[in-house]
Amino acid sequence: MKILIVDDFSTMRRIIKNLLRDLGFNNTSEADDGQTALPMLKTGKFDFLVTDWNMPGMDGLSLLRAVRADANLSKMPVLMVTAEAKREQIVVAAEAGVNGYVVKPFTAITLKEKIDKIFERLQA
Amino acid sequence: MSESTSGTPEDGGYLTDMYVSRLRALTEVLESGDEAQIHELVAELTTLRESALYQELGKLTREIHDSINAFGNDERIAELATEAIPDAKERLNFIVTKTDEAAHRTMEQAEATMKLVDNFSARGRDMHERWARLRNRELSKEEFVELNNDIDGFLTSIDAETSQINSRMTDIMLAQDYQDITGQMIKQVVTMVKEIEEKLVRLVTISGTWSPEVELKEKVVNGEIAEGPQLPTADKEKVATSQGDVDDILASLGF
């Protein structure tokens with residue numbers, strides 16, 4: 001399972017990377033915004049995308065929409081891990097096709113639950 | 001306007017008296033039909049009206065002028081603009097750097113400790129298995145010698161490794177000192193922001209475009225734009241304050 005972690009803060013990428021490793025996902029790569037992430041996704045054969053929303057350059061919502069609009073990537077599960085917590089924003093992200101939404105600050109258990117749930121649903 | 005009815009030429013009372021006398025004269029002249037006099041009185045009334053307007057305008061101009069002068073002469077404002085705000089920006093940037101450093105330092109030590117602990121427990125587990133086989137008399141002589149050496153090495157390394165863990169934990173604790181420094185800096189910035197807020201409210205009041213009673217238009221929210229973290233005190237109707245809230249919102253959308 002190859003995972004791309006997108007967040008503009010290197011500390012947050014490091015935290016997510018460590019938590020994912022604890023969950024048994026060792027194959028992770030990092031990008032600091034959507035603009036860097038999108039070409040990586042297109043060529044990198046990733047299975048799963050974990051992205052922040054608020055980032056300079058291309059934000060996470062635009063990245064999610066770009067992924068859904070790309071024929072090769074459209075089926076990729078996307079988990080948003082973000083501080084954006086307004087009801088409207090969560091609705092917009094859901095409509096854009098996000099598979100899971102974790103609001104910061106989060107716990108290791110929450111992250112695990114959401115990831116498990118995403119894969120459960122994909123296998124169902 | 002003035003409260004008195006017969007005052008100096010400076011105030012409205014004087015003007016009112018002038019109006020009254022001209023209007024009385026005008027009614028009389030109107031009945032007499034003397035057109036020249038009618039025109040003269042109407043012209044006088046017009047002049048009176050204009051001079052009242054100019055007086056008010058003059059007063060207003062002077063007030064605004066005084067206020068702006070007082071505001072401009074406030075040295076603190078110049079100081080805020082040229083020193084305090086750049087200083088605050090520097091402090092905030094310093095806070096970002098400092099917290100970033102502390103977070104990375106903490107994670108580095110935590111990652112290294114986890115690696116140590118993982119290695120430690122793997123070695124322990126391996127020896128425990130072999131120990132069990134020894135007790136079941138399943139070990140060859142060579143295997144026994146090997147286990148013997150490994151246990152000896154393990155026991156010897158315990159002291160060095162635990163003291164390494166200890167020093168990494170101490171470093172994690174020390175890395176939290178950023179809270180003290182950044183906390184103080186944030187308080188300084190908050191004090192400055194408060195001062196600017198007071199000055200701005202004064203400025204806006206002088207310009208007369210806002211009073212505390214005027215409600216500001218609510219920002220248009222469409223959920224498309226990232227806004228960053230919300231305060232814990234945010235309106236619970238509009239903002240998810242926990243993962244549970246987020247899950248409820250998603251569930252209501254059929255997730």
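Predicted model only: the values in this text are computed from it and were never measured. Just so you know, these numbers use all the heavy atoms, side chains as well, and skip hydrogens, waters and symmetry mates.
- Looking at B:Glu227, its side chain never comes within 3.5 Å of a backbone N or O of A:Glu84 through a donor-acceptor pair.
- In terms of non-hydrogen atom pairs under 4.5 Å with chain B, the most contact-rich of A:Thr107, A:Val102, A:Thr82, A:Asp59 is A:Val102.
- The two residues B:Glu224 and A:Leu61 have their closest heavy-atom pair at O-CD2, 3.6 Å.
- The environment of A:Phe25 atom CZ is dense: over 12 non-hydrogen atoms of other residues, nucleotides or ligands sit within 6.0 angstrom.
- Remark: side-chain polar atoms of A:Arg87 are not paired, donor with acceptor, to backbone N or O of B:Ala240 under 3.5 angstrom.
- Ion pairing between a basic and an acidic side chain is recognised when a charged N comes within 4.0 Å of a carboxylate O; A:Lys117 and B:Asp247 show no such pairing.
- When all heavy atoms are compared, the tightest approach of B:Met107 to A:Thr11 is CE-O, 3.5 Å.
- The local environment of CD in B:Glu143 is crowded, with over 12 non-hydrogen atoms from other residues, nucleotides or ligands closer than 6.0 Å.
- Residues A:Lys114 and B:Gln243 have side chains in contact (heavy-atom distance under 4.5 Å, counting atoms from C-beta outward).
- The two residues A:Gln89 and B:Ile225 come nearest to each other via the heavy atoms NE2-O, 2.9 Å.
- Between A:Arg21 and B:Glu111 there is no salt bridge, since no side-chain nitrogen of the basic residue lies less than 4.0 Å from a carboxylate oxygen of the acidic one.
- Contacts between B:Ser252 and chain A at a heavy-atom distance below 4.5 Å are absent for every atom of the residue.
- If you measure heavy-atom distances from A:Thr110 to chain B, the contacts under 4.5 Å come from the side chain alone.
- The environment of CD1 in A:Ile109 is sparse: at most 12 heavy-atom neighbours from other residues, nucleotides or ligands sit within 6.0 Å.
- More than 12 non-hydrogen atoms from other residues, nucleotides or ligands lie less than 6.0 angstrom from NZ of B:Lys199.
- Comparing A:Gly100, A:Ser10, A:Pro105 by heavy-atom pairs within less than 4.5 Å of chain B, the highest count is held by A:Ser10.
- In this structure, B:Gly223 and A:Trp53 approach most closely via the heavy-atom pair O-CH2, 3.3 Å.
- Both the backbone and the side chain of B:Glu108 have a heavy atom closer than 4.5 Å to some heavy atom of chain A.
- Counting non-hydrogen atoms of neighbouring residues, nucleotides and ligands closer than 6.0 angstrom, the CZ atom of B:Arg76 exceeds 12 such neighbours.
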